[in-house]
Amino acid sequence: MAREAYVHEAVLVLDQGEDPRRPGAMVTVELCGHWDHDGPCRWPHHTGFVADGDELVVRTTFAAEPAEHDELLRRIRHALESAGGWQVR
């Protein structure tokens with residue numbers, strides 16, 4: 001089956017002094033096992049962010065087979081909701 005492109009977007013409020021790049025690293029750890037891994041990602045993805053006042057809009061684009069879509073959304077949400085340093089709105 002062919003991969004399709006998907007997007008997950010979340011709004012975070014970072015704790016004072018938290019690195020805004022860390023949510024993207026946490027997503028990569030969840031999807032790839034480590035933020036600095038060898039070889040290509042099992043699920044190609046990119047996480048970017050835009051600051052909007054006191055909020056950080058975090059957008060992850062990823063490629064997966066349709067049957068994997070729900071599992072990847074669960075993994076991305078888990079990465080963002082289980083880490084300390086911010087709250088998900």
All side-chain contact (heavy atoms from CB on, under 4.5 Å) counterparts of Q87, not counting sequence neighbours: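 In terms of side-chain contact (heavy atoms from CB on, under 4.5 Å), with neighbours along the sequence ignored, Q87 is linked to no residue.
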Going by the rule side-chain contact (heavy atoms from CB on, under 4.5 Å), which residues pair with V88 if we only count those two or more places apart in sequence or in a different chain?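 Result, side-chain contact (heavy atoms from CB on, under 4.5 Å) vs V88: L12, L80, E81, W86.
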Any idea which heavy atoms bring P20 and L56 closest together, and the distance?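 Smallest interatomic distance, heavy atoms only, reads O-CD2, 3.8 Å.
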For H37 and C41, the nearest pair of non-hydrogen atoms, with its separation, is NE2-SG, 3.4 Å
Enumerate the residue pairs fulfilling side chain to side chain donor-acceptor pair (under 3.5 Å) with a member in residues 1-14, sequence neighbours excluded, ordered by first and then second residue.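 For residues 1-14, and leaving out neighbouring residues, the side chain to side chain donor-acceptor pair (under 3.5 Å) pairs sorted by first residue read E9-R59.
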Side-chain donor-acceptor pairs under 3.5 Å in residues 44-54, sequence neighbours left out?
residue, atom, partner, partner atom, Å
H45, ND1, W43, O, 2.9
H45, NE2, T28, OG1, 3.0
T47, OG1, T60, OG1, 2.9

Roughly how far, to the nearest 0.5 Å, is the CG atom of L31 from the NE2 atom of H78? 12.0 Å
Decide yes or no for F62 and V27: does some side-chain heavy atom of the first lie under 4.5 Å from some side-chain heavy atom of the second?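 When only atoms from C-beta onward are counted, V27 and F62 do not touch, as no gap falls below 4.5 Å.
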What about L73 and V29, same hydrophobic cluster or not, with Ile/Leu/Val/Met/Phe/Trp/Tyr joined at side-chain heavy-atom distances under 4.5 Å? no
With salt bridge (charged side-chain N to carboxylate O under 4.0 Å, His left out) as the rule and sequence neighbours excluded, what pairs involving residues 22-38 come up? E18-R22
For R21, check side chain to side chain donor-acceptor pair (under 3.5 Å) against everything at least two apart and list the hits. D19
